[in-house]
Amino acid sequence: MNSYQDGTGKWHSQYVQLLKSKSVESLKYVIDDCRKAIEANPENKNNSKYSDEIHYCHAELKSRQAK
């Protein structure tokens, strides 16, 4: 998997693909963990990545409900 900061942006599609194999509990954990990280340090340069992760996890959860 590519690094978030490799400059290619490929991590987005790779991360979305990775989430398909995660359990519901894991997805919820990632959402919670990212939210806590953002709250703990609002000025962190990685907060946009954490926000993307939250979004992708929610999208995966929603896609599973639609099936």
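Using modelled atom types and a 3.5 Å distance limit, the side chains of Ser26 and Ser23 yield a donor-acceptor pair.
Ala37 approaches Tyr50 most closely through the heavy-atom pair CB-CE1, 3.8 Å.
For the atom pair Ser63 OG and His58 NE2, the distance stands at 13.0 Å (nearest 0.5 Å). One finds the OH atom of Tyr56 at 13.0 Å from the CG atom of Leu18 (value rounded to the nearest 0.5 Å). Interatomic distance, Ser13 OG to Tyr15 OH, rounded to the nearest 0.5 Å: 13.5 Å. In this structure, the separation between OH on Tyr29 and SG on Cys57 is 12.0 Å, given to the nearest 0.5 Å. Asp52 CG to Trp11 CH2: the interatomic distance, rounded to the nearest 0.5 Å, is 4.5 Å. How far CD of Glu53 is from CG of Leu27: 11.0 Å, rounded to the nearest 0.5 Å.
One N or O on the side chain of Asn47 and one on the backbone of Asn41 form a donor-acceptor pair closer than 3.5 Å.
Among Ile54, Asn46, Asp33, the single residue meeting the side-chain contact (heavy atoms from CB on, under 4.5 Å) criterion with Ile38 is Ile54.
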Does the pair Leu61 and Ile31 meet the rule for a side-chain contact (heavy atoms from CB on, under 4.5 Å), with working shown? CA-CA 11 Å; Leu61 289 169; Ile31 292 167; 3.8 Å; yes
Arg64 and Glu60: salt bridge (Lys or Arg N to Asp or Glu O under 4.0 Å), yes or no, with the steps? CA-CA 6 Å; Arg64 291 182 190 189; Glu60 178 61 24; 2.8 Å; yes
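Using a cutoff of 4.0 Å between basic side-chain nitrogens and carboxylate oxygens, Lys36 and Asp32 are scored as salt-bridged.
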